[in-house]
Each structure stands twice: as structure tokens, then as C-alpha cells.
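Just so it is clear, the model here is predicted, and its values are computed rather than measured.
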2 protein chains.
Amino acid sequence: MGRPREFDQDKVLDAASRVFWANGYEATSTRALSEATSLTPASIYNAFGDKRGLFLSAMEHYLNSTIRNRIARHEALPSASAALTGFFTESMDRALSDPDQRGCMLVNTALESTPRNPELTEFVAAEMRQIEAFFLRVIKTGQKNGEFPKDLKPEDLAAQFLTLLMGMRVLSRVRPEAKLFNSLIRPAFAQLGLVWPNRTRKISPTL
Amino acid sequence: MGRPREFDQDKVLDAASRVFWANGYEATSTRALSEATSLTPASIYNAFGDKRGLFLSAMEHYLNSTIRNRIARHEALPSASAALTGFFTESMDRALSDPDQRGCMLVNTALESTPRNPELTEFVAAEMRQIEAFFLRVIKTGQKNGEFPKDLKPEDLAAQFLTLLMGMRVLSRVRPEAKLFNSLIRPAFAQLGLVWPNRTRKISPTL
DNA sequence: TTCATTATGGAGCGGTCGTTCTAGAAATGA
DNA sequence: TCATTTCTAGAACGACCGCTCCATAATGAA
């Protein structure tokens with residue numbers, strides 16, 4: 001019933017999340033969003049309510065197409081070692097190959113959200129718990145398999161890997177250096193008896 | 001020559017940095033800065049040039065009174081163990097006792113700065129290198145002393161501690177949980193043969 | 001005293017912000 | 001066909017943005 005929408009929601013959210021990701025919520029104007037999505041203000045407000053609504057939808061879209069997707073793909077791998085190595089390899093390559101040094105939209109949002117936006121803060125916190133839970137599952141599996149030593153508490157290790165990931169995302173905004181990242185991941189992996197194969201800066205595709 | 005200033009620069013920068021720290025650069029209006037500092041716009045612009053100038057001065061003030069000060073105090077301690085333990089104890093207590101969960105102004109700024117502000121990005125990067133250098137000095141001293149084992153590369157350890165600190169600062173905005181922080185610091189300290197005394201949430205003074 | 005210089009208070013500048021409004025277009029159901 | 005509903009284009013709203021201007025006040029130098 002009624003006139004159908006002319007835009008592709010996925011493409012719109014893709015464009016919107018790119019802008020929010022690069023500039024943050026506050027520094028992104030609704031005009032910039034209009035231009036990026038090729039949507040008029042009326043269409044945006046009709047479809048998403050307001051700027052915050054579009055941001056939340058764009059954030060969901062971002063999480064699904066990056067972090068959640070990455071977790072699902074690597075958790076499906078046969079070994080815990082491969083899952084962990086693959087996850088960090090991909091994370092590091094992405095961080096180093098982004099010419100805009102946008103880091104991670106989740107981390108960017110974490111530092112832009114304040115206790116005055118408790119729902120947003122809780123949303124970010126919950127997503128970080130999901131990442132931590134992924135690490136916990138992988139580590140427990142690896143310990144059960146015999147891939148990883150069993151003397152270390154998996155909860156501690158999961159928290160460590162989460163923080164390593166968060167710290168890397170901060171550093172990738174200001175110091176996207178392969179050498180730095182290698183010296184972070186190598187000792188963390190060594191705890192689990194894993195050898196981290198040093199990686200070098202990856203040139204981004206020109207699109 | 002000319003009329004003297006009526007305000008105390010230190011108090012003004014203290015007030016300004018509080019507002020920037022809590023809300024970020026973009027979300028802080030010059031009106032809010034006027035109110036917080038009790039200065040008219042004319043006085044602010046006369047003294048600091050523009051909003052960015054005030055921000056940079058406030059940032060310097062913040063760094064001097066927090067991170068740089070903390071580094072200097074702990075590096076003066078007789079043992080490397082005490083320096084490292086004291087530094088992280090204070091960092092963790094500060095993070096957990098802040099009712100506004102402002103995290104670290106340096107980290108907040110790191111994620112708000114873009115490659116379009118290369119000077120700001122470089123400023124943040126340089127400050128982070130200073131923190132890393134502090135860790136490196138302490139670790140090298142500890143290894144020379146015999147306080148820390150010598151089999152681990154001090155450069156790797158310094159990078160690790162920097163990332164741990166950055167990651168903690170991200171998490172402190174959204175998940176300021178003492179238990180989480182203890183499980184992060186404990187294993188990192190264990191590498192150096194240090195025992196981390198678990199800490200609990202510290203209630204902030206009511207001022 | 002006078003003058004040059006700098007600081008302050010407060011009004012207000014042009015511009016941009018997030019958002020809404022109105023007119024009309026494109027679909028469905030009767 | 002026509003009423004109803006939803007979506008789109010583009011102008012425009014009031015609010016707020018960063019910042020400047022102007023008159024006046026407070027200092028040191030001559």
C-alpha cells in the first residue's frame with residue numbers, strides 16, 4: 001500500500017555508515033548524509049525518524065558487515081588456532097590498508113558516547129561483550145582440543161584479546177604501523193603457544 | 001603594556017579541559033566554554049585565537065596535570081616494579097572513580113582526529129610515543145636491576161603496556177568494571193614476574 | 001595628562017545545524 | 001475512476017554555531 005521506496009536500504013546504510021565511520025556522529029551533518037546517500041532530507045526522516053535513528057541503523061549495518069561477519073566466518077574454521085590467527089590477520093590488514101584511518105566504528109562510537117546517552121553506551125558495551133564472548137568460546141575450544149595450554153584462565157585471556165583489539169583500533173587511527181601491531185600480537189599469541197607470522201603494511205586496493 | 005588580563009589562565013584551562021574531556025571537541029560549543037570558564041567570547045578569542053587554539057591549550061594543560069605528571073612521579077620511584085604498579089594502580093583508580101566516565105582525553109581526541117587534521121593526529125601520536133618511551137625506560141631499568149626477566153624484548157613489552165593502557169581507556173567509557181581491569185593487568189604483570197594486587201571499585205570523593 | 005595598547009562585556013553577524021512543511025508523484029483497493 | 005496511503009523533491013523554519021565588532025575600561029609610556 002502506498003508509494004514504494006525508490007532507494008535500496010542496504011546501499012543507503014552502506015553510504016551513511018561510511019560517512020559516520022570516517023567523521024563520527026557529531027561531525028557528520030544531515031546535509032552530508034543526504035549527499036552521500038542521494039536521498040532528500042524528507043526521505044531520510046520518513047524512513048529513519050531522525051539523525052540518531054539513521055546512525056543506529058547504519059551502525060547495525062556496519063557491525064553485520066564487518067565484526068559480526070568476521071566472527072562468524074572465523075568461528076566456522078576447523079581449528080581454534082586458525083580462527084584466532086585469521087581473525088587478527090584480517091583485523092590488522094583492514095586497519096593498515098584503510099587510507100582514511102577510520103579505525104573501528106564501534107570504538108569511535110564508544111569514545112563519543114557519554115553517560116548522557118545511556119542506551120548508546122549500553123549498546124556499545126553489549127557489542128563488546130559479544131566480541132569477548134567470541135574470544136572466550138575460541139579459547140575454551142582450543143584448550144579442550146589441546147591446541148592451547150590449559151594453565152591460563154580463558155576468561156582472562158578473552159578479556160586480554162578484547163583489550164588488545166580495542167587498543168589496536170585506537171593506535172590504528174594515529175599510528176598505523178605494521179611493526180607496532182606485530183609486537184603486540186606476537187607476545188599475546190605466544191601465551192597460547194601460537195606463532196604469529198609477522199605481516200607488513202598492505203596496500204589498499206584502489207577500488 | 002595595555003590592560004592586564006583579569007582571569008587565571010590555569011583555572012580557565014582547567015574548566016575548558018573538563019568540558020572538552022567530557023563532551024569531545026565537536027560536541028562542545030563556544031557558549032558552553034564561555035559559561036564554564038566565566039569568560040566572554042571576546043576574552044576567549046583574544047587570548048586563544050579560536051576554538052581550536054583553546055582546545056590545544058586545554059589539551060596541554062590536561063596532559064601536564066594528568067599523564068605527564070603521573071609519569072614523572074612514578075618514574076622517580078626507586079624501583080621499576082613500584083613505578084609500573086603505581087602507574088597502573090593510579091590509572092585504574094582514576095578510570096573507575098570518574099562518575100562521568102570520561103576516560104582519557106588523549107584517547108578521546110585520538111578517535112576524534114582525522115587525517116584531515118594531520119597536525120592534531122601527529123600531536124596525539126607523539127604523546128603516545130612519550131608514554132611508550134616511559135614504559136620502555138622503566139622496563140629496561142627493571143631488566144638491568146634484575147627486577148624483571150631479561151628474555152622478553154623491552155620494545156615489545158612497552159608496546160604491549162601502551163596498548164593495554166589504551167584498551168583500558170576505551171573500556172572505561174563503556175564498561176568501567178574493576179574485575180575486567182584486574183584480569184587485564186594481572187597477566188601482563190605476570191610476564192614480568194610481578195603480582196598484581198586486585199583492586200575493587202573506588203568510590204569517588206563527593207568533592 | 002594624554003596617548004597607545006590590550007582586555008572586557010555584550011550585541012549581533014553570516015552561516016549551518018537538525019528538522020519540518022507543502023506540493024505532487026506513485027502505488028493499492030474499491 | 002477515484003480515494004487513500006506512502007514516498008519524494010525542494011524550500012524554508014527557528015535555533016544554534018563559531019566568531020567579530022564596538023564601545024568602554026584598565027594599564028604603562030611619554
Side-chain angles (χ1 to χ4, degrees), chain A residues 1-59 61 105 108-109 112-114 116-117 119-120, chain B residues 1-59 61 105 108-109 112-114 116-117 119-120:
Chain A
M1 190 74 162
R3 176 173 170 179
R5 291 191 178 158
E6 294 176 3
F7 62 87
D8 178 337
Q9 171 130 341
D10 237 50
K11 284 182 184 169
V12 163
L13 291 179
D14 217 69
S17 66
R18 261 174 225 278
V19 184
F20 277 129
W21 187 4
N23 303 108
Y25 179 81
E26 288 290 342
T28 300
S29 72
T30 53
R31 267 114 183 132
L33 291 165
S34 265
E35 191 173 3
T37 59
S38 305
L39 253 50
T40 58
S43 290
I44 291 179
Y45 279 80
N46 178 59
F48 302 100
D50 58 7
K51 184 185 173 184
R52 171 162 297 270
L54 175 56
F55 177 79
L56 291 175
S57 294
M59 178 73 132
H61 176 86
M105 189 172 165
N108 300 356
T109 304
E112 211 176 338
S113 86
T114 66
R116 291 190 203 168
N117 288 125
E119 333 80 35
L120 182 58
Chain B
M1 189 74 161
R3 177 172 170 179
R5 291 189 180 162
E6 292 177 5
F7 63 85
D8 178 336
Q9 172 128 344
D10 237 49
K11 284 181 184 170
V12 163
L13 291 180
D14 217 69
S17 66
R18 261 174 224 277
V19 184
F20 277 129
W21 187 4
N23 302 108
Y25 179 80
E26 288 291 342
T28 300
S29 72
T30 53
R31 266 117 183 132
L33 291 165
S34 265
E35 191 173 1
T37 59
S38 305
L39 253 51
T40 58
S43 290
I44 290 179
Y45 280 82
N46 179 60
F48 301 100
D50 58 7
K51 184 186 174 184
R52 172 161 297 271
L54 175 57
F55 177 79
L56 291 175
S57 295
M59 178 74 131
H61 176 85
M105 188 174 167
N108 299 356
T109 304
E112 211 176 339
S113 86
T114 66
R116 292 191 203 165
N117 288 125
E119 333 81 35
L120 182 59

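- Distances shorter than 4.0 Å separate some side-chain N or O of B/Tyr45 from OP1 or OP2 on D/dC19.
- Comparing atom distances between the A/Arg31 side chain and each of C/dA26, D/dA12, D/dT8 picks out D/dA12 as nearest.
- Nucleic acid contact class of B/Pro41 (heavy atoms, under 4.0 Å, all strands): base.
- In this structure, CZ of B/Arg52 is placed 18 Å from P of D/dC17, rounded to the nearest angstrom.
- As a whole-Å value, the separation of A/Phe48 CZ from C/dT20 P is 16 Å.
- A/Thr28 is not listed as a side-chain neighbour of A/Phe55, based on a closest heavy-atom distance of 4.5 Å or more.
- At C/dC17, one or more side-chain N or O atoms of A/Ser29 fall inside 4.0 Å of OP1 or OP2 (strictly under the cut-off).
- Counting non-hydrogen atoms under 4.0 angstrom, A/Thr28 reaches the backbone sugars and phosphates but no base.
- The distance between atom CD of A/Glu35 and atom P of D/dG10, rounded to the nearest whole Å, is 14 Å.
- Atoms CG (B/Asn46) and C1' (C/dT5) sit 11 Å apart, rounded to a whole Å.
- Nucleotide D/dC19 holds its P atom 14 Å from the CZ atom of B/Phe55, rounded to whole Å.
- The neighbour count for A/Glu26 CD, taken as heavy atoms of other residues, nucleotides or ligands under 6.0 Å away, is above 12.
- In the set C/dT19, D/dT8, D/dG18, D/dG18 carries the atom at the smallest distance from any side-chain atom of B/Thr30.
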Run the side-chain donor-acceptor check on residues 41-49 of chain A: report pairs under 3.5 Å with partners two or more places apart or on a different chain.
residue	atom	partner	partner atom	Å
A/Ser43	OG	A/Thr40	OG1	3.3

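- Taking 3.5 Å as the limit, the base of C/dA25 and the side chain of A/Arg3 contain a donor-acceptor pair of atoms between them.
- When the C1' atom of C/dG9 is taken as reference, atom CD of B/Glu6 falls 10 Å away, rounded to whole Å.
- Note: CD1 (B/Ile44) to C1' (C/dG9) measures 13 Å, nearest angstrom.
- Considering only heavy atoms from C-beta on, B/Met105 comes within 4.5 Å of B/Met59 through its side chain.
- Regarding contacts with the backbone of C/dA7, every side-chain N or O of B/Ser43 stays at 4.0 angstrom or more from both OP1 and OP2.
- For A/Met1, the side-chain atoms get nearest to C/dT28 when compared with the rest of D/dA9, D/dG18, C/dT28.
- Here C/dT8 presents its P atom at 6 Å from CG of B/Leu39, a figure rounded to the nearest Å.
- Proximity note for A/Lys51 (side chain, C-beta onward) versus D/dG10, C/dG18, C/dT8: the nearest is C/dG18.
- Between B/Phe20 and B/Tyr25, the angle of the ring planes stays under 30°, which puts this pair in the parallel group of the 30/60° scheme.
- Residue B/Glu26 is the one, among B/Ala42 and B/Glu26, whose nearest nucleotide of DNA chain D lies closer to the 5' end (criterion: closest heavy atom).
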